[in-house]
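Okay, so here's the structure we're looking at.
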Amino acid sequence: MLKSDIQYVKGVGPKRALILGKIDIHSIYDLLFYFPRGYEDRRTQTEKNEFEFIETDILSGSVVDYFEIYTSSSLRIFKIIVSSSGREFECLIFRKASRKYDVFEPLKKKIKKGDEIFLVGSVENDFFKPKFNVEEIYFKSDDELKINFNRIVPVYLLTSNIDNKTFRKIVFSALNDNVDYINEIFPYDLTIKRNLLPRKIAVEQIHFPKDVSMLLRARHRFIYEELLLMALAWNFKKRETKRIKKNHSYTVNRNLLTPFKKNMGFEFTGSQKKAINEIFRDMQSSHPMTRLLAGDVGSGKTVVAISACLLAVENSHQCCFMAPTEILAEQHYITFKKFLSNLDIRYELLTSSTPKSKKRDIEKRLENGDIDILIGTHSVIGDNIKFKDLTLIVVDEQHRFGVRQRATLRQKGENIDMLVMTATPIPRTLFLALYGDLELSTLSDMPRDRKPVKTFHLLEEDAFKKTKEYLKKGVQAYIVFPLIDESDKVEVKSLLVEVERIKKEFYDYRVGIIYGRMKSSDKQKVMQDFLDKKIDILCATQVIEVGIDVANACVMIIESAERFGIASLHQLRGRVGRGARESFCFLVSNVKSGDAYERIKAICETTNGFELAQKDAYLRGVGEVLGVRQHGDMELKIASVARDKEIFEQAMVDAEEVTKDDPLLSKKEHQSLRNVLNEIYGKSLKLIDLN
Ligand code: ADP
Ligand code: MG
């Protein structure tokens, strides 16, 4: 019954079925599970409550008089004088329509003086007479009155060609006829333990709640349901990877690891050691590794990743190190050179600007097994790239890659070990929601000699003055300019103009420039020159946000800082303060208030990524920061992992419990749960294979 086509529901029909199809409503079930985006409180007697309703006004009373107001435009107005609790209201209905049609004809036929009417809209308090802008109008005899008036009324996010009033009516009648077919999907114990509203009642109440407390209980039920299903899905996924056996293995020989450590010239921090242990343990286990290495900017993820690569190479396997931008890939390549030059390792850099002949050579050598480590951008997932024996992939700044790219890379070898890295500080619950199939290692401590970057909000001339003081002491500086579109020629031109200005201002110093559209070889040369101190000031765009690593660069000016988000500012700032020297970041901006000012202030106040992430979440919504939308593994309709943290934690505990004795949910009492899980996650995401 619930699966029947939506067109057979009362009030729908084939035409409306097409419209509803646009918002993915195809069956009665889809309709009943299309939840409101909010509610209006249209009750005449309102309880005091905590719920945030969508604002609206209602008015009921009797019709004193009515008439159409003649206008010369296509805006048509009908006025009704309504008497309510001893006051008279001027109620106006506006319609856009051509003069040819009498849009108010049905209304004129129906309305009579003395009628009791019920209006929804907004009150405007005029000095003389209160006015009411009418959005919906009902008479006592209307069936729809009970759906739309004197109750909490649902508001849906709809597509054009269908309005809320119509939709409400459809839902109302579909509920009436079908709600009894909705069965509980949770085992009885669970509904008791979490005090959950039965599914059937929750569906009713989420659309047409009796009161606020029932509304909250219905929402709670579905938030929990959604999160539990997600937790179960990740559970399955994890179990599945644990079932896979890999064909390769590693033993720790240390013939590369030890000399690498010597070259490093510093000791691993405690959390680096711990992470390396976790990674090595995963790699040596019999099923593939999928681990996320999370650590704030500058926490030293790269050397951890290199250690993993070296374990692979020690065992004569190949590995691939993928970075989101060319500059970052190049930077990693330079790091490899720095730490591995005297070791017997063959590594190459591959990006979209690698010359064709070189590329062909790399392809051939990869296939023959004559390259141990391939470093590169998404070029490394190209069709022609074939490895002889790829066993480990490292993905840097994981959130910048889509799921598909990850998957494609994975297919380059058999049951590959994968290490993904991110500098985005992720609260644990959010991590579990986004990457529930991964294990987590966190770099919680910074390399010992690291000092927090002193950050100031300044006017440009002050920033320049200070920078000159430090340049005199022999340090190097970055000046970062916002560029919205790196591929836009006009913008690049304006960047070049700015750089000329900088050159004049800092005429004693050597000024270099780097930006996304530059030729790869030019970029490499500029970076190398900056490293070799042949450049004092590097003007750059956001391309340096990730990965650039020059210890002597201790000053950064960020121009028009108000144009960057918190996450970007934090990442950019992470480019300085990488050596033992005291470092500075000057945020140049004229703003004195508003969101942008709050962002700048937050950056000045702390260098702790986790604290900032919380603020950023507050200012912009967690999803955006992490690129959740593009991630697309899990789409939540009603729950929000950031807001519903506690419920999510309960759901995770419960998911463990439910699957403990019944990992495949094959027991009878888990049958419906399994079905729903399969429906939501089974096919579309290939997350789980229950069969
Ligand atoms: P991120 O985690 O942001 O990618 P990097 O891997 O680029 O950070 O490391 C930042 C800098 O810190 C690099 O210059 C790196 O060589 C250095 N570094 C890493 N680990 C240590 C350590 N344990 N002690 C001192 N310096 C370190
Ligand atoms: Mg990095």
Side-chain angles (χ1 to χ4, degrees), residues 257 260-277 279 291-310 321-341 375-377 394-401 419-426 440-453 475-476 478 527-528 530-533 542-554 556 567-581 583 585 607-610 612-613:
L257 285 161
F260 161 62
K261 261 184 80 176
K262 271 208 194 100
N263 287 351
M264 258 181 12
F266 49 75
E267 287 292 310
F268 286 123
T269 64
S271 57
Q272 279 173 326
K273 276 187 205 151
K274 184 159 172 275
I276 292 171
N277 276 332
I279 291 164
R291 185 169 282 276
L292 177 74
L293 177 61
D296 208 345
V297 191
S299 57
K301 294 184 289 296
T302 317
V303 287
V304 174
I306 293 178
S307 307
C309 292
L310 293 184
F321 200 127
M322 180 162 77
T325 66
E326 228 170 277
I327 294 204
L328 181 50
E330 277 151 14
Q331 176 70 45
H332 284 322
Y333 184 66
I334 291 174
T335 307
F336 272 80
K337 268 201 227 164
K338 190 163 110 195
F339 291 141
L340 308 178
S341 57
I375 304 151
T377 55
V394 176
V395 182
D396 199 4
E397 303 298 333
Q398 131 86 12
H399 63 282
R400 295 181 170 232
F401 292 102
L419 177 67
V420 300
M421 309 199 283
T422 182
T424 312
I426 307 175
L440 176 65
S441 294
T442 310
L443 298 186
S444 50
D445 48 3
M446 285 284 178
R448 213 180 315 122
D449 51 3
R450 202 61 49 77
K451 292 197 187 77
V453 181
V475 307
Q476 292 160 283
Y478 297 100
M527 301 248 302
Q528 197 61 54
F530 194 54
L531 258 174
D532 298 342
K533 301 192 182 143
Q542 212 167 339
V543 293
I544 62 156
E545 178 180 309
V546 280
I548 293 230
D549 187 21
V550 179
N552 189 49
C554 305
M556 173 177 281
S568 293
L569 288 174
H570 180 59
Q571 295 272 334
L572 281 169
R573 176 173 58 182
R575 299 307 114 211
V576 290
R578 300 178 85 85
R581 261 206 172 98
S583 300
C585 178
T607 51
N608 182 314
F610 272 91
L612 286 171

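Whatever order the structure lists ligands and atoms in, that order sets their numbers, starting from 1. Along the sequence shown, residues are numbered consecutively beginning with 1.
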Partner residues of Lys261 under the salt bridge (charged side-chain N to carboxylate O under 4.0 Å, His left out) criterion, sequence neighbours left out: none

Rounded to the nearest 0.5 Å, what separation is found between the CE atom of Met264 and the NZ atom of Lys338? 11.0 Å

What do you reckon, does Phe339 have a nitrogen or oxygen under 3.5 Å from a nitrogen or oxygen of ligand 1? no

Please give me the minimum heavy-atom distance between Val576 and Cys554, naming the atom from each residue. CG1-C, 3.9 Å

Give a yes-or-no answer on whether the side chains of Thr607 and Arg573 include a donor-acceptor pair shorter than 3.5 Å. no

Within 4.0 Å of some non-hydrogen atom of Thr302, the atoms of ligand 1 are 4 (O), 5 (P), 6 (O), 7 (O)

Which of the numbered atoms in ligand 1 are under 4.0 angstrom from any heavy atom belonging to Thr269? 23 (N)

With rounding to the nearest 0.5 angstrom, report the NZ to CG distance, Lys301 to Asp296. 7.0 Å

Rounded distance [0.5 Å steps], CG in Asn277 versus OG in Ser271: 12.0 Å

Side chain or backbone, does Gly300 bring an N or O within less than 3.5 Å of an N or O on ligand 1? yes

Less than 4.0 Å is my threshold; does some heavy atom of Gly298 fall inside it relative to ligand 1? yes

Ligand 1 atoms in contact with Glu267 (distance to a heavy atom under 4.0 Å): 22 (C), 23 (N), 24 (N)

Examine Lys301 against ligand 1 and note whether any of their N/O atoms are separated by less than 3.5 Å. yes

Would you say Ser299 touches ligand 1, if touching means a heavy atom closer than 4.0 Å? yes

